[in-house]
Amino acid sequence: MATYRASPPKVAFAVSERSLSTAAGHCVQLFEGTTLGVYRVYRTQPVEGGCLFFKEGGLLNSIGLAHFPDGAPYIGEPQHEGDIGYEEFDGDWFQFEQLF
């Protein structure tokens, strides 16, 4: 019999969603590190229509989670330096990568 196992990113998000949602509700630019659930967030940035949470883990590029209640502005790979590409993650939450 197969056992269901949630992927680590989904488990981390499930544990952290309440903290992230609270922070997204009053998104302010923050450059000092903070912990939201299990995520170490080193930068928070309000953007049109949402909030970006930059987390540790990107090798060369910045990565994180974004909250966009009305959908991300762009789904797909970032194309140029400084661009951000989004992919669907969970409801109105998206993963992103910003090219260095």
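Every heavy atom of this structure was used, including side-chain atoms; hydrogens, water molecules and symmetry mates were not.
Sorted by first and then second residue, the side-chain hydrogen bond (donor to acceptor under 3.5 Å, both in side chains) pairs involving residues 80-89 (not counting sequence neighbours) are Glu87-Gln95. Judged as a side-chain hydrogen bond (donor to acceptor under 3.5 Å, both in side chains), not a single pair has a partner in residues 25-38 (not counting sequence neighbours). For residues 45-100, every residue pair satisfying the disulfide bond (SG atoms under 2.5 Å apart) rule, not counting sequence neighbours, is listed here: Cys27-Cys51.
Hydrophobic cluster membership is shared by Ile75 and Val47, with clusters built from Ile, Leu, Val, Met, Phe, Trp and Tyr side chains linked at under 4.5 angstrom.
The two residues Gly49 and Pro69 come nearest to each other via the heavy atoms O-CD, 3.5 Å.
Separation of atoms CG (Leu36) and CD (Glu17) is listed at 12.5 Å; rounding is to 0.5 Å. Note that CG of Leu52 and CD1 of Ile84 are 5.0 Å apart. Values are rounded to the nearest 0.5 Å. Rounded to the nearest 0.5 Å, atoms CZ (Phe94) and CZ (Phe68) are 7.5 Å apart.
The aromatic rings of Phe13 and Phe89 stand perpendicular to each other, their planes meeting at an angle above 60°, with 30° marking the opposite boundary.
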- Message: Let's go through Ser62 and Tyr42 carefully: what are the C-alpha distance in whole Å and the side-chain angles of both, what is the deciding distance for side chain to side chain contact (heavy atoms under 4.5 Å, CB included) to 0.1 Å, and is it a yes or a no?
- Response: CA-CA 11 Å; Ser62 296; Tyr42 69 86; 3.5 Å; yes
- Message: For a side chain to side chain contact (heavy atoms under 4.5 Å, CB included) check, start with the C-alpha distance between Leu65 and Phe54, then their side-chain angles and the critical distance, and finish with the verdict.
- Response: CA-CA 7 Å; Leu65 292 170; Phe54 290 81; over 6 Å; no
- Task: Take Ser19 and Tyr39 through the side chain to side chain contact (heavy atoms under 4.5 Å, CB included) test and state the conclusion after the steps.
- Result: CA-CA 10 Å; Ser19 296; Tyr39 294 109; over 6 Å; no
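For the pair Phe31/Gln45, no side-chain contact is recorded, criterion being any heavy-atom separation below 4.5 Å from C-beta on.
Not one N or O on the side chain of Thr44 forms a donor-acceptor pair closer than 3.5 Å with the backbone of Val28. Listed for the Lys55 side chain is no donor-acceptor partner under 3.5 Å among the backbone atoms of Arg43. Checking side-chain atoms of Asn61 against main-chain N and O of Phe100 turns up a donor-acceptor pair under 3.5 Å. For Gln98 (side chain) and Phe96 (main-chain N/O), no donor-acceptor pair under 3.5 Å exists by modelled atom type.
More than 12 heavy atoms of other residues, nucleotides or ligands shown are found within 6.0 angstrom of CZ on Arg40.
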